[in-house]
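Counting starts at 1 for both ligands and their atoms, following the listed order.
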Amino acid sequence: MTVPPSHPRFKSLETRDRLAAMVQAGVTSPQGLIAHGRGEAFDYLLGEATQPFAEEAMRAGCAALLLARKPVLSVNGNIAALAAGPMARLAKELGAAIEVNLFHRTEERVARIASLLRDAGAERVVGEQPDARIPGIDHDRAKSSVQGVYGADAVLVPLEDGDRAQALVAMGKLVVTIDLNPLSRTARAAQVTVVDELTRAVPRMAEHARALKAEGREAQLATMRGYDNARVLGASLESMAARLQRLAKEGVR
Ligand code: ATP
Ligand code: MG
């Protein structure tokens, strides 16, 4: 890494270096780099900070996952590269299993990501021996596990493809996502959409989970009842639009 910490885009450049290294290591797919770039563009519009509508969605998502009988967190190559440890801690906090679930699936990459997650402290990791298929999705992309996403009643699928998110909703699962693009099909299909950057959101969700466990089941139910994803998605678009208008008025230098 040759970029000095004083560089104004240090964190972004460091993250890109990490993702590029993880492609070399066979953890992240080359296509994952492109998906990351699309996310970064939307983070500019958010002001690269966690906004109140994202906090509200994180709390609702944690409530849903805590109330679930079988909550499962899905991890792909980008998530493994950027947030393996925080995902392992979130799974522990939520009492959830983790499924390695890849859009561009190879068995080697699944195995590498599973061991990376175990090294990061994850206890229940499935996906290496898929034994079920998500209906309506083509061959390799449909592979899933009964102990994982397939058998779950609530799932966290950050950075997910729109088709698969829609298929999970069609199966009757409660779908929570983290996605910087409020216009993506995943953001629109999910019941709870956290419009925020993955590495900011996952540790923060672990804090929400801990707080909600202390508050108890009634508070979790009330949190879910009071939640409206259409309103939250609308608030994310309003926030981006207002920020752009403010910048346009002030003059961008
Ligand atoms: P969709 O299939 O849902 O319409 P898409 O095809 O644009 O969306 P995918 O590549 O299928 O995108 O999914 C990746 C999603 O993850 C994108 O919406 C992208 O903005 C988002 N994303 C990428 N990196 C991050 C990140 N670090 N944090 C949060 N979101 C991210
Ligand atoms: Mg897609």
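- Residue, atom and distance of the protein heavy atom nearest to atom 30 (N) of ligand 1 are L180 N, 3.1 Å.
- A heavy-atom separation below 4.0 Å is not found between E40 and ligand 1.
- Heavy atoms of T15 come nearer than 4.0 angstrom to ligand 1 in no pair at all.
- When all heavy atoms of G148 and V126 are compared, the pair lying nearest together is CA-CG2, 3.7 Å.
- Inclusion of D161 in the first shell of the Mg ion (ligand 2) is supported: an N, O or S atom falls under 2.8 Å.
- Regarding atom 17 (C) of ligand 1, its nearest protein heavy-atom neighbour is D179 OD1, 3.7 Å.
- Checked by distance only, ligand 1 and I178 stay at 3.5 Å or farther apart across all their nitrogen or oxygen atoms.
- In the displayed structure, F53 atom CZ is contacted under 6.0 Å by more than 12 heavy atoms of other residues, nucleotides or ligands.
- Protein heavy atom in closest approach to atom 8 (O) of ligand 1: S184 CB, 3.6 Å.
- Atoms of ligand 1 lying under 4.0 Å from at least one heavy atom of T186, given by number and element, are 3 (O).
- Closest approach of G39 to L180, counting heavy atoms only: O-CD1, 3.3 Å.
- For the pair R164 and F103, the NZ or CZ position fails the cation-pi test of under 6.0 Å to the six-membered ring centre and within 45 degrees of the ring normal.
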Margin query: side-chain contact (heavy atoms from CB on, under 4.5 Å) for E128 and E107? Distances and angles first, verdict last.
Written below: CA-CA 7 Å; E128 288 156 298; E107 300 312 318; over 6 Å; no

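- Under a 4.0 angstrom heavy-atom cut-off, N78 registers as lying outside contact with ligand 1.
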Next item on the list: Please step through side-chain contact (heavy atoms from CB on, under 4.5 Å) for the pair R185 and Q166, ending with a clear verdict.
Entry: CA-CA 8 Å; R185 287 169 310 146; Q166 285 167 349; 4.0 Å; yes

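- In this structure, CD1 on I79 lies 5.0 Å from CE on M87, to the nearest 0.5 angstrom.
- Looking from atom 28 (N) of ligand 1 to the surrounding protein, the closest heavy atom is L198 N, 2.9 Å.
- The protein non-hydrogen atom at the shortest distance from atom 23 (C) of ligand 1 is A35 O, 3.2 Å.
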